[in-house]
Protein chains: 2
Amino acid sequence: MKMREDYTCPLELVHDMIKGKWKPIILWRLRLGKTSLSKLEQDIQGITQKMLLQHLKELMEYGFVEKQTYSGYPLHVEYYLSDPMGKEIIEALRIMQHIGITYLEKNGKAEELLKKHIIPD
Amino acid sequence: MKMREDYTCPLELVHDMIKGKWKPIILWRLRLGKTSLSKLEQDIQGITQKMLLQHLKELMEYGFVEKQTYSGYPLHVEYYLSDPMGKEIIEALRIMQHIGITYLEKNGKAEELLKKHIIPD
DNA sequence: CTGGATCCCGAATGATACTG
DNA sequence: CAGTATCATTCGGGATCCAG
């Protein structure tokens, strides 16, 4: 994810930070608490390990996500939202979630999409 | 802006709706009230009329923005945020704006960017 | 061996320049 | 302004590497 040199507004910077295809869902899933890479891979349907790692890495660089590595066996790493940046972005995503649900209900496509929606609100 | 067929979550749908390079800033500017195309073009530095029109069109298709055409002379068109969808997304953008400002302050790059930031909070 | 992480490359998409 | 061409980025597959 390449960042621009200039932004007219701080908002644009943040928008770029979360603009990847999988970033919103990853954050949304992380809102439920710490998890491992493999658990994330299971919960987010369609994502590959590679994409997951790439997006997690970027989210860590910007400061939304942090990770903790436990040495020992079996090897274990946990990812979680940072405080306050990670927690704050969730509030923005929550609004988007609300808009999305309303939009789908209005257009009668709610069931179709809400059924798949495994990550709870 | 091509939309996907499936989304795992309504949030992703909305994220895609506003994912273009200029969409957040256009919405942010519209928050200040109705305006014409040319006024938008002036206020959003670096945008071309073509990009502006393309993104406005998409924002109208999704329902964030509406336009009103005044017949008469000179010909006049005004764009504005829809209610409630347009107004709601502003709340999400406001959070991003806040995160962005905090981030820039922490990294000592606040002045540099905040100076350019012509659109008021 | 297992789970976590990186590299290389082609295909799809987005942004912008160019043109009528 | 719309249509097309061009250029930069992003996505995703697959191989591969690294560390307990």
Side-chain angles (χ1 to χ4, degrees), chain A residues 1-9 11-27 29-30 34-62 64-80, chain B residues 1-9 12-27 29 35-42 44-62 64-65 67 69-71 73-79:
Chain A
M1 200 66 49
K2 188 163 190 174
M3 302 301 270
R4 279 187 262 165
E5 315 295 312
D6 329 313
Y7 290 93
T8 29
C9 199
L11 193 190
E12 288 190 288
L13 173 65
V14 176
H15 181 257
D16 263 18
M17 287 171 167
I18 60 163
K19 81 160 178 255
K21 176 171 179 183
W22 303 100
K23 295 214 182 76
I25 290 289
I26 293 173
L27 290 166
R29 171 60 188 75
L30 250 26
K34 288 191 179 186
T35 23
S36 67
L37 190 72
S38 50
K39 199 86 180 66
L40 283 171
E41 200 176 343
Q42 285 168 32
D43 288 351
I44 301 173
Q45 61 172 223
I47 200 170
T48 63
Q49 193 191 42
K50 183 190 155 178
M51 281 293 110
L52 188 50
L53 277 161
Q54 181 187 313
H55 289 231
L56 277 170
K57 189 181 169 191
E58 289 169 9
L59 289 171
M60 289 192 293
E61 283 169 7
Y62 305 142
F64 291 108
V65 172
E66 290 169 5
K67 81 171 172 184
Q68 191 167 6
T69 308
Y70 299 90
S71 52
Y73 198 76
L75 190 57
H76 203 58
V77 178
E78 302 227 291
Y79 293 90
Y80 55 97
Chain B
M1 203 64 50
K2 189 166 188 170
M3 303 299 272
R4 279 187 262 165
E5 315 295 311
D6 328 312
Y7 290 94
T8 28
C9 202
E12 287 189 292
L13 174 65
V14 176
H15 181 256
D16 263 17
M17 287 171 168
I18 60 163
K19 82 160 176 258
K21 175 171 179 184
W22 303 99
K23 294 216 181 76
I25 209 77
I26 293 173
L27 290 167
R29 172 59 189 75
T35 25
S36 66
L37 191 70
S38 52
K39 200 87 180 64
L40 283 172
E41 201 176 342
Q42 284 169 31
I44 301 173
Q45 61 174 220
I47 199 170
T48 63
Q49 197 188 43
K50 179 173 181 178
M51 280 293 109
L52 187 50
L53 276 164
Q54 181 188 313
H55 289 246
L56 277 170
K57 188 181 167 193
E58 289 170 10
L59 289 170
M60 289 192 292
E61 283 170 8
Y62 305 142
F64 291 109
V65 172
K67 80 171 173 184
T69 309
Y70 298 90
S71 52
Y73 198 76
L75 189 59
H76 204 60
V77 178
E78 303 228 290
Y79 294 89

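Residue numbering restarts at 1 for every chain, and letters A, B, ... go by the order of the sequence lines. If you're wondering where the values come from, they're calculated on a predicted model, not measured in any experiment.
Across all strands shown, L53(A) has heavy atoms under 4.0 Å from base atoms, whether or not it also approaches the sugar-phosphate. Nucleic acid contact class of K39(A) (heavy atoms, under 4.0 Å, all strands): none. Looking at heavy-atom distances under 4.0 Å, Y70(A) makes no contact with the nucleic acid at all.
Residues passing the side chain to side chain contact (heavy atoms under 4.5 Å, CB included) test with L27(B) are I18(B), L59(B), F64(B), V65(B), L81(B), I89(B), I90(B), L93(B), sequence neighbours excluded. Shown here are the side-chain hydrogen bond (donor to acceptor under 3.5 Å, both in side chains) partners of S36(B), two or more places apart in sequence or in another chain: S38(B). Not counting sequence neighbours, the partners of L53(B) by the side chain to side chain contact (heavy atoms under 4.5 Å, CB included) test are L37(B), Q49(B), Y79(B). Partners of K67(B) by salt bridge (charged side-chain N to carboxylate O under 4.0 Å, His left out), not counting sequence neighbours: none found. The salt bridge (charged side-chain N to carboxylate O under 4.0 Å, His left out) search around K39(A) returns D43(A), not counting sequence neighbours. Residues forming a side-chain hydrogen bond (donor to acceptor under 3.5 Å, both in side chains) with E78(B) (at least two apart in sequence, or on another chain): H76(B). The side chain to side chain contact (heavy atoms under 4.5 Å, CB included) test applied to K19(B) returns M1(B), D16(B), not counting sequence neighbours.
Nearest heavy-atom pair, K34(A) versus Y80(A), reported as atom, atom and distance to 0.1 Å: CG-CB, 3.5 Å.
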Letter per nucleotide, 5' to 3', of nucleotides 13-20 of chain C [B base touched, S only sugar-phosphate touched, - untouched; heavy atoms, 4.0 Å]: SSSBB---
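Note: CD (Q49(A)) to P (dC17(D)) measures 16 Å, nearest angstrom. The CD atom of Q68(A) sits 17 Å away from the C1' atom of dG3(C) (whole-angstrom rounding). At whole-Å resolution of the value, CD in E58(A) and P in dT10(D) are 8 Å apart. E78(A) has its CD atom 17 Å from the C1' atom of dA5(C), to the nearest Å. The CG-C1' distance, from L56(A) to dA5(C), rounds to 11 Å in whole Å.
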Working for side chain to side chain contact (heavy atoms under 4.5 Å, CB included), residues M3(A) and M17(A): CA-CA 8 Å; M3(A) 302 301 270; M17(A) 287 171 167; 3.7 Å; yes
Are any protein N/O atoms closer than 3.5 Å to N/O atoms in nucleotides 18-20 of chain D? If there are, list each pair with its distance.
residue : atom : partner : partner atom : Å
dG20(D) : O3'  : G72(A)  : O            : 3.1

